[in-house]
Trainee: 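Encoded as structure tokens, here's the structure I'll be asking about.
Computation of the quantities below employed the complete heavy-atom set of this structure, encompassing side-chain atoms and omitting hydrogens, waters and symmetry-equivalent molecules.
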Amino acid sequence: MSRRYTLGIIDIGSNSIRLVIYEVESGGGYRIIYENKYSARLSREVGSDGRIPRSSLEAAIEVLRQFRTICEQFHATHIRAAATAAIRNAANAGEIIRWLERETGLTIERVSGEQEAYYGFLGVLQSMSIQDGMIVDIGGGSTELTLFRDRQLLHSISIPLGAVNAYTRFASGEQWNDGEIEALREEIREQLRQLDWADSNPGLPMIGLGGTIRTIAKMHQRKTKYSLPVVHHYEMGGETVDEMARVLPYETTAYRKKVPGLSKDRADLIVPGMLILQTVYDYVEADRYIVSSAGLRDGLFRDWFAPQEPVVSDALRTSVRNLLRFGPPVSEASLHAVYEDMVTMYHALVQADPCEQDRAVMYTAAMLSESGTMINYYKSSQHAVYRIMYGGIYGLTHREAVLSAITADYHPKKRTPQLLEQHADILDASDTGRVHRLGSLLALAKAIRSTPVVQKIHATAKNGSLHVQMHCTAEPLVQNRRMEESAKELEDAWNIKLTWSEHPAASTK
């Protein structure tokens with residue numbers, strides 16, 4: 001029987017103090033079971049002498065005490081607390097950390113700008129399958145920029161300017177003027193000009209971390225009535241931020257508080273954060289924005305959890321395996337056999353390996369189509385739709401998540417057309433046919449693996465027919481019945497005739 005324990009991560013940021021608690025399974029799985037935050041805005045507490053006085057830390061100390069108590073209530077075996085820009089850049093940083101440690105009983109790490117960029121990089125690669133990109137992490141007191149290619153970190157820099165201290169330095173009131181806007185932008189450009197790599201990698205996606213880009217994503221989704229209100233891996237073109245930046249700086253805080261998707265506690269900071277984001281995007285000539293909800297805290301966890309392999313090599317498979325470890329008892333090997341059978345039949349039908357997107361959709365659908373069992377066994381695949389689209393599965397774009405969910409719950413007469421219509425804003429015109437092809441393959445593969453008597457299959461396609469050879473250890477009675485039920489759907493989707501035969505497993509030796 002596996003053993004489980006909990007770990008608390010506390011991020012003492014320049015704008016907010018955040019707590020996240022992970023449940024860790026001894027076999028290698030992990031999941032978030034609790035989150036909380038408090039907007040401390042420590043960057044605003046820095047005096048003219050560069051110090052943060054002890055009197056300005058009362059609220060932070062009390063919040064840290066409460067967060068430690070929460071960790072103890074969850075029986076955390078370890079608490080990792082990390083302080084970023086506001087504290088590390090203070091003239092009395094060492095003194096601040098000693099005050100906090102003495103008053104809270106926590107051990108607090110002073111995270112350098114380079115380390116902060118690295119932990120953000122680990123968080124992004126844990127949650128996305130992207131190979132190349134530029135990461136921008138806008139905090140309250142600093143902005144980290146990281147370049148990676150082939151999932152390897154190449155360069156990073158920490159700029160001591162974030163949403164909170166930029167507001168303090170450049171804004172004279174709640175409404176910005178052109179001079180203030182240009183002064184902030186020029187400060188960012190000047191920092192970037194000192195780097196020989198920032199503008200030498202055009203055309204990469206810019207992956208944004210932090211509250212600024214998450215807020216922009218929520219605003220854009222509300223405006224466009226986006227059908228999947230999930231911010232992680234949400235993509236936007238440069239014009240989205242450009243349009244907002246032409247309006248929001250000149251409006252009052254009261255106006256911004258009424259903008260759908262913009263939380264009231266970020267109505268003032270959205271402007272400097274947005275201007276920093278836009279300026280970096282233009283300077284590096286990025287091709288689109290991608291939002292990451294994973295960042296520093298996820299990287300701190302990954303660094304602690306897997307120090308020998310901190311960079312996740314396959315975000316999707318790692319994420320799916322985590323979900324399976326905390327789900328209903330299932331055989332991962334049997335689920336993977338369904339996926340492999342889908343690939344085998346796909347290759348026979350198409351005469352080529354699945355493209356990267358189809359492979360991700362087939363894998364996700366095969367591994368998670370029964371993941372809703374814990375909610376309702378008889379409607380498992382319907383509940384799997386929600387788990388796939390909203391359950392925080394990493395490594396999928398929004399389009400891939402929707403395709404995987406519809407494929408997992410394939411019912412071509414009713415639910416499938418309804419889901420396709422509901423998410424037409426995310427899908428391409430070609431995806432209707434794709435869902436029917438992949439969904440029918442999943443149904444057939446699940447029929448083949450409905451009992452463990454099938455050891456392996458071979459598939460051949462010619463003259464408008466797909467023939468499946470099942471190599472069996474016993475007579476596949478259940479398989480024959482279920483394959484008859486799923487045959488028509490496959491034949492309609494692929495415009496072929498399905499036949500099958502059984503052979504003794506021993507004959508394959």
Trainee: Look up atom CE in M219 and atom OG1 in T224, then write down how far apart they are to the nearest 0.5 Å.
Mentor: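 Spacing of CE (M219) from OG1 (T224) equals 12.0 Å.
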Trainee: Can you give me the closest heavy-atom contact between C71 and I21, atom names plus distance?
Mentor: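 So the minimum-distance heavy-atom pair works out to CA-CD1, 4.1 Å.
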Trainee: Is the ring pair Y346/W494 parallel, tilted or perpendicular, if the boundaries are 30 and 60 degrees?
Mentor: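 Ring orientation of Y346 relative to W494: perpendicular.
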Trainee: Does K488 come within less than 4.0 Å of D492, counting only side-chain N to carboxylate O?
Mentor: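 Here K488 pairs with D492 in a salt bridge, since their nearest N and O are under 4.0 Å apart.
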Trainee: Less than 3.5 Å apart, which donor and acceptor atoms pair up between the side chains of residues 153-162 and the rest of the protein, not counting sequence neighbours?
Mentor:
residue	atom	partner	partner atom	Å
S158	OG	R88	NH2	3.2
S158	OG	E144	OE2	2.6

Trainee: Can a salt bridge be assigned to the pair E340 and K456 using a cut-off of 4.0 Å between side-chain N and carboxylate O?
Mentor: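 So E340 does not pair with K456 through a salt bridge.
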Trainee: How about CZ on R222, more than 12 heavy atoms from neighbouring residues, nucleotides or ligands closer than 6.0 Å, or not?
Mentor: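 No, the 6.0 Å shell around CZ holds no more than 12 heavy atoms from other groups.
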Trainee: Measure from the ring center of Y226 to the ring center of H220 and say whether it is less than 6.0 Å.
Mentor: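 No.
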Trainee: Compare every heavy atom of I181 with every heavy atom of Y250, then report the nearest pair and how far apart it is.
Mentor: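 For Y250 versus I181, the nearest heavy atoms are OH-CD1, 3.4 Å.
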Trainee: Any idea how F301 and Y30 line up, ring-wise: parallel (<30°), tilted (30 to 60°), or perpendicular (>60°)?
Mentor: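 Judged by the thresholds at 30° and 60°, the geometry between F301 and Y30 is tilted.
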Trainee: Applying side-chain hydrogen bond (donor to acceptor under 3.5 Å, both in side chains) to Y5 and H78, what does each step give before you reach the verdict?
Mentor: CA-CA 9 Å; Y5 56 96; H78 183 73; over 6 Å; no
Trainee: How would you list, by chain and number, every residue that makes a ring-ring contact (aromatic ring centres under 6.0 Å, His included) with H232, sequence neighbours excluded?
Mentor: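 In terms of ring-ring contact (aromatic ring centres under 6.0 Å, His included), with neighbours along the sequence ignored, H232 is linked to Y394.
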Trainee: Return the minimal non-hydrogen interatomic distance between L396 and A360, and the atom names on each side.
Mentor: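 Taking every non-hydrogen atom into account, CD2-CB, 4.2 Å.
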Trainee: Evaluate the side-chain hydrogen bond (donor to acceptor under 3.5 Å, both in side chains) criterion for residues D425 and S227: first the C-alpha distance (whole Å), next the side-chain angles of each, then the deciding distance (0.1 Å), finally the verdict.
Mentor: CA-CA 7 Å; D425 60 328; S227 65; 2.6 Å; yes
Trainee: At their closest point, which heavy atom of A408 faces which heavy atom of I388, and how far apart are they?
Mentor: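 That closest heavy-atom pairing would be CB-CD1, 3.8 Å.
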Trainee: Apply side-chain contact (heavy atoms from CB on, under 4.5 Å) to the pair S26 and R4, showing each step before the final yes or no.
Mentor: CA-CA 6 Å; S26 57; R4 295 179 181 179; over 6 Å; no
Trainee: Check the pair Y289, E235 against side-chain contact (heavy atoms from CB on, under 4.5 Å), reporting the backbone distance first and the verdict last.
Mentor: CA-CA 6 Å; Y289 295 98; E235 299 191 16; over 6 Å; no
Trainee: Of all the heavy-atom pairs spanning G203 and D287, show the shortest one and how long it is.
Mentor: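 Result for this residue pair: O-CG, 3.5 Å.
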Trainee: Got a sec: does the CD of E243 have more than 12 other heavy atoms crowding it under 6.0 Å?
Mentor: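 Open: at most 12 neighbouring heavy atoms sit under 6.0 Å from CD of E243.
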Trainee: Determine, stepwise, if the pair Y339 / R359 fulfils side-chain hydrogen bond (donor to acceptor under 3.5 Å, both in side chains).
Mentor: CA-CA 9 Å; Y339 164 66; R359 189 177 290 275; 3.1 Å; yes
Trainee: Scan residues 264-277 for pairs that pass salt bridge (charged side-chain N to carboxylate O under 4.0 Å, His left out), counting only residues two or more places apart or in two chains.
Mentor: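 As it turns out, the salt bridge (charged side-chain N to carboxylate O under 4.0 Å, His left out) pairs with a partner in residues 264-277, which skip direct neighbours, are R41-D268, R44-D268.
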Trainee: Which value, rounded to the nearest 0.5 Å, describes the distance between D11 atom CG and T84 atom OG1?
Mentor: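 D11 atom CG to T84 atom OG1 measures 5.5 Å (nearest 0.5 Å).
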Trainee: Okay, side chain of Q221, backbone of V230: is any donor-acceptor separation there less than 3.5 Å?
Mentor: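 Yes, because the side chain of Q221 sits within donor-acceptor range (under 3.5 Å) of the backbone of V230.
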Trainee: Is it true that, when you exclude Q357 itself, more than 12 heavy atoms of the residues, nucleotides or ligands shown sit nearer than 6.0 Å to its CD?
Mentor: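 Count over threshold, so yes.
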Trainee: Looking only at non-hydrogen atoms, find the nearest pair between S292 and I207 and report the distance.
Mentor: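 It is CB-CG2, 3.8 Å.
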Trainee: Could you list the residues that satisfy side-chain contact (heavy atoms from CB on, under 4.5 Å) with D431, not counting sequence neighbours?
Mentor: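 Scan of D431 (side-chain contact (heavy atoms from CB on, under 4.5 Å), adjacent residues dropped) gives R399, L403, L427, D428, R434.
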Trainee: Report the residues that fulfil side-chain contact (heavy atoms from CB on, under 4.5 Å) with N36, sequence neighbours left out, ordered by chain and then residue number.
Mentor: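 side-chain contact (heavy atoms from CB on, under 4.5 Å) check on N36 returns Y34, F67, I70.
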Trainee: Charged N to carboxylate O under 4.0 angstrom, E35 versus R18?
Mentor: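 Salt bridge between E35 and R18, a charged N being under 4.0 Å from a carboxylate O: no.
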Trainee: Taking atom CD as the centre, does E114 end up with more than 12 heavy-atom neighbours from other residues, nucleotides or ligands that are less than 6.0 angstrom away?
Mentor: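 Result for CD/E114: open.
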Trainee: With a cut-off of under 6.0 Å to the ring centre and 45° to the axis, is R317 in cation-pi contact with Y363?
Mentor: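 Here R317 passes the 6.0 Å and 45° test against Y363.
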Trainee: Can you sort out the partners of A267 under side-chain contact (heavy atoms from CB on, under 4.5 Å), two or more places apart, ordered by chain and number?
Mentor: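 A267: side-chain contact (heavy atoms from CB on, under 4.5 Å) contacts with T253, R256, K257.
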Trainee: Nearest 0.5 Å please: distance from the OG atom of S293 over to the CD1 atom of I213.
Mentor: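 S293 OG to I213 CD1: 11.5 Å, rounded to 0.5 Å.
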Trainee: The test is salt bridge (charged side-chain N to carboxylate O under 4.0 Å, His left out); show your working for R151 and D132 and say whether it passes.
Mentor: CA-CA 6 Å; R151 296 181 72 80; D132 310 303; over 6 Å; no
Trainee: Could you tell me whether a side-chain N or O of W197 sits under 3.5 Å from a main-chain N or O of L147, the two making a donor and an acceptor?
Mentor: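 Side chain of W197 to backbone of L147: no pair is present.
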